[in-house]
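Some notes on the structure that comes next.
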2 protein chains.
Amino acid sequence: MRVISQVLRSLRNVKAIRSHSYACKETRLQLHSMLVGAGFGICISVTVAQMSAIDKRRKLNTSLYMAPPITNADHLLSTEDEMRTKMELLIMKIQADFCHVLEAEEYGGQKFKTDRWLRTEGGGGITCVLQDGEVFEKAGVNISVVTGHLPPDAVQQMRTRGKKLSEGKLPFFAAGVSAVIHPRNPMVPTIHFNYRYFEVENKDGSRQWWFGGGTDLTPYYLDEEDAIHFHKTLKDACDEHDILYYPKFKRWCDEYFRITHRNECRGIGGIFFDDLDSPSQEDAYKFISACAHAVIPSYLPLVRRHKNDDYGDRERQWQLLRRGRYVEFNLIYDRGTKFGLYTPGARYESILMSLPLTARWEYMHAPPKNSKEGKLIEVLQNPKNWVSLDPVSTS
Amino acid sequence: MRVISQVLRSLRNVKAIRSHSYACKETRLQLHSMLVGAGFGICISVTVAQMSAIDKRRKLNTSLYMAPPITNADHLLSTEDEMRTKMELLIMKIQADFCHVLEAEEYGGQKFKTDRWLRTEGGGGITCVLQDGEVFEKAGVNISVVTGHLPPDAVQQMRTRGKKLSEGKLPFFAAGVSAVIHPRNPMVPTIHFNYRYFEVENKDGSRQWWFGGGTDLTPYYLDEEDAIHFHKTLKDACDEHDILYYPKFKRWCDEYFRITHRNECRGIGGIFFDDLDSPSQEDAYKFISACAHAVIPSYLPLVRRHKNDDYGDRERQWQLLRRGRYVEFNLIYDRGTKFGLYTPGARYESILMSLPLTARWEYMHAPPKNSKEGKLIEVLQNPKNWVSLDPVSTS
């Protein structure tokens with residue numbers, strides 16, 4: 001019976017994994033082997049009736065994730081074709097994959113600290129933070145799955161953005177993953193990404209939905225090879241879905257992550273988009289899933305290439321000054337942070353996990369133009385195209 | 001002739017000094033001695049006609065200030081009874097007095113770096129920053145004297161605050177002094193103050209004017225004696241003008257300097273007020289002048305008492321975390337910072353000089369309740385009355 005129960009558990013794993021259309025191949029193969037291994041040497045005879053019974057009792061294998069899902073697991077299993085469920089399972093997987101690869105880069109076995117939290121208004125989140133690591137000074141990876149009612153102001157603001165919504169207070173659902181990684185070595189860039197799904201229910205019961213998100217890089221020193229690799233990886237992910245996406249979303253990113261008062265960008269960009277509701281819900285989901293899965297290949301090689309680079313106090317001080325700029329952007333301009341902090345009952349620790357462990361402000365600091373610091377500033381003031389924006393070109 | 005010209009120069013000095021109603025007595029006496037000294041042993045015979053000629057050529061003694069005034073000195077002399085002029089001379093004096101007493105606290109002779117800047121839209125400012133001192137890690141003292149036109153949005157916002165203003169774009173004048181001092185020793189609190197005068201011209205030529213300002217303290221460790229001394233000094237300055245001011249402005253300060261998302265105050269308060277336009281322009285000016293002159297006596301004893309206190313890494317780390325909270329308040333909630341940074345052509349270096357040299361953010365940091373750090377948090381969450389709010393009481 002122990003073997004049979006192992007088989008059943010494995011079947012459940014496969015089911016759970018299958019519910020993400022973008023489960024990484026490696027994990028899928030590993031679980032397939034488990035299933036084969038467990039079934040070895042025993043004759044399995046499962047009738048259709050028995051399968052149905054199994055199906056009713058099947059569970060999500062939450063050990064794959066950083067914590068149990070926010071939504072009840074049985075509810076997720078019974079609604080696996082709904083976008084809300086697909087999105088929740090996707091962001092849980094993205095969170096876990098990313099945390100695990102980052103942990104593997106640490107030398108001292110530093111691990112993410114995981115907090116699962118619930119909102120009284122509905123939903124909750126899972127916040128994972130690795131602080132004071134040898135490689136990562138502060139790394140935060142957060143997911144949230146939130147339900148509630150949008151206040152009339154927020155609805156009005158969405159109507160001005162072109163959403164076809166009734167006036168007044170409307171029920172909403174939002175699910176997203178968001179991460180900011182501040183490495184210790186100033187030669188390793190900071191990365192930020194966020195992918196989210198939003199649903200608002202109209203008074204007539206109809207639903208408006210859209211996706212948003214992006215991935216962007218904030219280096220302290222410019223390494224052109226890194227910049228090209230990063231943008232090329234994002235472009236490849238975009239191009240598979242629509243060759244017009246990368247050029248459009250690259251420009252959007254440069255415009256959005258702008259420290260207006262300093263007339264410079266926060267970093268060297270990436271992609272950013274919002275209000276994506278075409279060509280179909282399934283296609284839009286596949287696109288953001290592809291983007292979210294491109295985070296690791298876009299960033300991990302940069303971490304590996306530079307985490308042992310030499311640096312001194314000059315580089316550390318410059319990194320801290322640039323982190324001060326990061327704080328300025330996040331607290332003054334970032335819509336997500338502002339919206340979050342002004343929401344009553346918001347979990348501010350999860351919103352502010354994006355802030356670096358240490359930041360610095362010097363009055364009138366300006367590096368010489370020809371210095372390596374000055375070269376970064378030049379690119380922040382005049383965003384470059386790191387790969388061709390021409391949809392015809394493949395470079 | 002050289003002696004006569006010295007006498008004349010001294011007369012000009014006296015005239016300049018007299019134009020501040022609150023010139024400190026010491027400076028006044030010093031200049032009086034200069035005048036007496038210069039006149040010694042020479043028979044002065046000056047006719048009324050000659051006095052008039054002197055009067056036309058008299059100049060402001062700009063050596064008293066950190067830099068030449070923003071407004072043309074001759075214009076200031078010819079308009080000495082106007083509130084704009086009185087205010088500009090007051091803030092220049094407050095800036096210089098404060099910078100000089102802080103410089104005197106440094107052991108290594110560290111001095112303020114002074115930048116005088118002009119705005120293309122009209123007016124300008126004088127920004128003084130002392131960075132990386134032995135006693136003061138970062139100290140910024142700024143004045144600005146600005147003219148221009150308020151955009152219709154700003155006018156509308158003022159109308160909602162009860163200002164009797166015509167609609168549309170209106171000419172304005174604003175003059176203010178603002179300072180934030182971040183000492184190195186965590187036992188010395190951070191102080192902030194700001195005193196300002198605002199004038200808007202209606203379309204019919206009539207003017208609306210008001211004063212605003214405040215002084216508040218942000219300790220890293222609570223010293224009750226310091227807190228009482230600080231509040232008592234502010235209360236005394238208030239009580240001379242209106243015994244209802246201190247209780248009202250103390251509460252206003254606690255409400256304004258609030259980090260809403262953390263449900264705590266930035267510091268232990270002080271006084272804060274805006275839209276002060278009573279009982280008369282002259283009385284309101286005298287009140288804010290008294291408040292501005294109370295800054296040094298409220299703060300300097302605290303610096304002297306604690307600048308050599310022992311501390312270790314624990315206290316330094318806590319100071320940096322609290323500085324992170326200071327940054328949160330200034331960038332997310334402070335109206336002055338937000339208004340400033342969103343104003344096109346604003347001098348952001350002067351606005352952001354309030355940020356500490358270094359700040360820190362740790363995820364989910366919460367000191368034990370009974371620790372000395374926890375005792376500060378207790379007071380930040382539940383603002384205390386450090387002196388009696390009862391107008392009848394003199395304590």
Side-chain angles (χ1 to χ4, degrees), chain A residues 112-115 117 127-132 137-142 180 182 259-264 316-317 320-321 323-334 337-338 340-366, chain B residues 112-115 117 127-132 137-142 180 182 259-264 316-317 320-321 323-334 337-338 340-366:
Chain A
F112 277 87
K113 180 180 179 302
T114 298
D115 285 319
W117 45 273
T127 300
C128 300
V129 176
L130 190 161
Q131 201 167 270
D132 260 326
E137 197 171 340
K138 193 167 168 195
V141 189
N142 187 54
V180 177
H182 295 295
I259 306 171
T260 313
H261 58 273
R262 295 192 184 266
N263 195 28
E264 66 184 33
R316 174 64 173 166
Q317 293 305 315
L320 297 182
L321 282 171
R323 286 192 172 156
R325 308 293 180 265
Y326 208 89
V327 172
E328 285 177 29
F329 178 83
N330 285 25
L331 299 187
I332 301 171
Y333 299 107
D334 188 56
T337 308
K338 284 203 290 189
L341 291 179
Y342 281 108
T343 305
R347 189 174 192 268
Y348 63 83
E349 287 283 3
S350 298
I351 299 165
L352 297 178
M353 70 167 196
S354 65
L355 300 181
L357 202 59
T358 317
R360 189 172 167 88
W361 284 269
E362 281 180 30
Y363 175 67
M364 299 285 273
H365 186 283
Chain B
F112 277 88
K113 180 180 179 302
T114 298
D115 284 318
W117 45 274
T127 299
C128 301
V129 176
L130 190 160
Q131 200 166 271
D132 259 327
E137 197 172 339
K138 194 167 167 194
V141 189
N142 187 53
V180 177
H182 295 294
I259 306 172
T260 314
H261 58 273
R262 295 193 184 266
N263 195 28
E264 66 185 33
R316 173 64 174 166
Q317 294 305 315
L320 297 183
L321 282 170
R323 287 193 171 156
R325 307 293 180 266
Y326 207 91
V327 172
E328 285 177 31
F329 178 82
N330 286 25
L331 299 187
I332 301 171
Y333 300 108
D334 187 54
T337 308
K338 284 204 288 188
L341 291 180
Y342 280 108
T343 305
R347 190 174 190 269
Y348 63 82
E349 287 283 3
S350 298
I351 300 164
L352 297 178
M353 68 165 199
S354 65
L355 301 181
L357 202 57
T358 317
R360 190 173 166 88
W361 283 269
E362 280 180 30
Y363 176 68
M364 298 286 273
H365 186 282

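Naming convention: chains lettered A, B, ... in sequence-line order (proteins, then strands); numbering from 1 in each chain. Quick note: numbers below take in every heavy atom, side chains included, and nothing from hydrogens, waters or symmetry partners.
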Shortest non-hydrogen contact between A:Trp361 and B:Ala359, atoms and distance: CZ3-CB, 4.1 Å
Region of B:Tyr348 in contact with chain A, defined by heavy-atom distances below 4.5 Å: side chain
Closest-packed option against chain A by number of heavy-atom pairs under 4.5 Å, given B:Leu355, B:Thr337, B:Leu321, B:Asp132: B:Leu355
Test log, rule side-chain contact (heavy atoms from CB on, under 4.5 Å), inputs A:Ile332 and B:Tyr342: CA-CA 10 Å; A:Ile332 301 171; B:Tyr342 280 108; 4.1 Å; yes
Stepwise side-chain contact (heavy atoms from CB on, under 4.5 Å) check, B:His261 with A:Leu352: CA-CA 10 Å; B:His261 58 273; A:Leu352 297 178; 3.6 Å; yes
Contacting moiety of B:Ala346, where chain A heavy atoms sit under 4.5 Å: neither
Chain A contact via B:Thr358 - which portion, at a heavy-atom distance below 4.5 Å: both
Beyond-backbone contact of A:Met364 with B:Thr127, side-chain heavy atoms, under 4.5 angstrom: no
Pick from B:Glu362, B:His365, B:Lys338, B:Met353 with the largest number of heavy-atom pairs that fall under 4.5 Å of chain A: B:Glu362
Which portion of B:Ile351 sits near chain A, non-hydrogen atoms under 4.5 angstrom: neither
Structural part of B:Leu357 lying under 4.5 Å from a heavy atom of chain A: both
Engaged part of A:Glu349 at the chain B interface, taking heavy atoms whose separation is under 4.5 Å: both
B:Arg262, part contacting chain A, at a heavy-atom distance under 4.5 Å: both
